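Scroll down for the structure; my scribbles are underneath it.
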There are 2 protein chains.
Amino acid sequence: MSVEVTGDPAPTGYERSCEAAGDVDHGRAIRDVLDRVGDKWSLLVVATLRDERLRFSELQRHIPGISQRMLTLTVRQLERDGLITRTVYAEVPPRVEYELTDLGGTLITLAMALADWAIENHPHIEESRAAYDAAHQR
Amino acid sequence: MSVEVTGDPAPTGYERSCEAAGDVDHGRAIRDVLDRVGDKWSLLVVATLRDERLRFSELQRHIPGISQRMLTLTVRQLERDGLITRTVYAEVPPRVEYELTDLGGTLITLAMALADWAIENHPHIEESRAAYDAAHQR
DNA sequence: CGGCATCCGGGCAGATACTG
DNA sequence: CAGTATCTGCCCGGATGCCG
């Protein structure tokens, strides 16, 4: 039952690594989602849209550090993945609003769990880092 | 109550964005954890160490796509964060074993929840992507 | 065996300028 | 207002070679 290397473009073996991570062949799903979740801005955008639909500029104002380009790319990705919807109003000046889909809503739960873990364990991590740095500094 | 920009190296505003994401000032914690979780290999290494302690080469064999360099950097990070332990045995040839800490164990739960979400919703995402691509192709 | 140092190539992300 | 286009710099990550 050796792992067959298919003719995929440029796997770098990462997909196969996901599969070997413990579960079955859901590696691609995990990798896909991880790539999105791991994205610097995606979760932030989703979180920002949690309880209000916002237009582009509002979104950008709610997420101080993001550039216009990155916001554009991020919302495109999220829209493509069905996590948010993009609604264009034929007005002048043009208005575009973004809203979380149901699927995006379910992701919030995960994000919150992650955030909770982060908040709860961050002191521990910081402490560990300090200890490590103290031990390894020269 | 303007946000104080401390003398940090290169914030790029990302930290402040996390803070604005909805919660309080736990932004740094969330960002830290997100950076680690979003890391391509970290979760994979943690998952691989879930129920067995492994030495370096074993770890590398369990994660096909990872390079020696990346594995080294990843385990260093994880060790620094207190998620895994690194034990060196003074033998010839040298032996180094990595094991999950309790903190790392709690992260597994999160990772599994994330994996479950990924597996459950991936078809939906793929479907959405296909529809999006079909609608936007030229 | 388990690293670390070095080099280097590709892709990501910021800044800027232009458009519907 | 809400993008797109282009250019550029920089960091990530692979490959290689050497050490304890």
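Because the structure is predicted, anything quoted here is derived from the model rather than measured. A, B, ... follow the sequence lines: proteins, then strands. Residue 1 opens every chain.
- When side chains are defined from C-beta on, B:R95 counts as touching B:E97, because their heavy atoms get closer than 4.5 Å.
- If you take CH2 of B:W41 and P of D:dC12, they are 16 Å apart, rounded to a whole angstrom.
- In this structure, A:V75 and A:I84 approach most closely via the heavy-atom pair O-CD1, 3.7 Å.
- A:S57 has a side-chain polar atom (N or O) that falls below the 4.0 Å cut-off from OP1 or OP2 of D:dA2.
- With C:dG2, D:dT4, C:dG14 as the choices, the nucleotide that has an atom nearest any side-chain atom of A:S67 turns out to be C:dG14.
- Out of D:dG3, C:dA13, D:dG13, the shortest distance to the side chain of B:K40 is found at D:dG13.
- For the pair A:L73 CG and C:dC12 C1', the computed distance is 10 Å after rounding to whole Å.
- Among C:dG3, D:dG13, D:dG3, the nucleotide with an atom closest to any side-chain atom of A:R76 is D:dG3.
- Looking at A:R80 and B:D133, a side-chain N of the basic residue comes within less than 4.0 Å of a carboxylate O on the acidic one, giving a salt bridge.
- Note: CG (B:L59) to C1' (C:dG3) measures 14 Å, nearest angstrom.
- A:Q60 has its CD atom 14 Å from the C1' atom of D:dT4, to the nearest Å.
- Ionic pairing of B:R129 and B:E127 is not present here: no N-O contact between side-chain nitrogen and carboxylate oxygen is shorter than 4.0 angstrom.
- In this entry the distance linking CG of B:L71 with C1' of D:dA15 reads 16 Å, nearest Å.
- The shortest distance between side-chain heavy atoms of A:T87 and A:Y89 falls below 4.5 Å.
- Distances were taken from every side-chain heavy atom of B:R55 (C-beta onward) to each of C:dC1, D:dG13, C:dC4; the shortest belongs to C:dC1.
- For the helix from C:dC1-D:dG20 to C:dG20-D:dC1, the rotation axes defined at the first and last 5 base pairs enclose an angle of 50°, given to the nearest 10°.
- Place B:M70 and A:P93 on DNA chain D by their nearest nucleotides, and A:P93 ends up nearer the 5' end.
- With a 6.0 Å radius and a threshold of 12 heavy atoms from other residues, nucleotides or ligands, A:E120 has its CD atom at or below the threshold.
- Put simply, CG on B:D39 is 11 Å from C1' on D:dC12, counting in whole angstrom units.
- When the side chains of ILVMFWY residues are joined at heavy-atom separations under 4.5 Å, either directly or via intervening members, A:L49 and B:Y132 end up in two distinct hydrophobic clusters.
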Using a cut-off of under 3.5 Å, enumerate the N/O to N/O pairs linking the protein to nucleotides 17-20 of chain D.
none

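- Closest to the A:R86 side chain, of the nucleotides C:dA13, C:dT6, D:dA2, is D:dA2.
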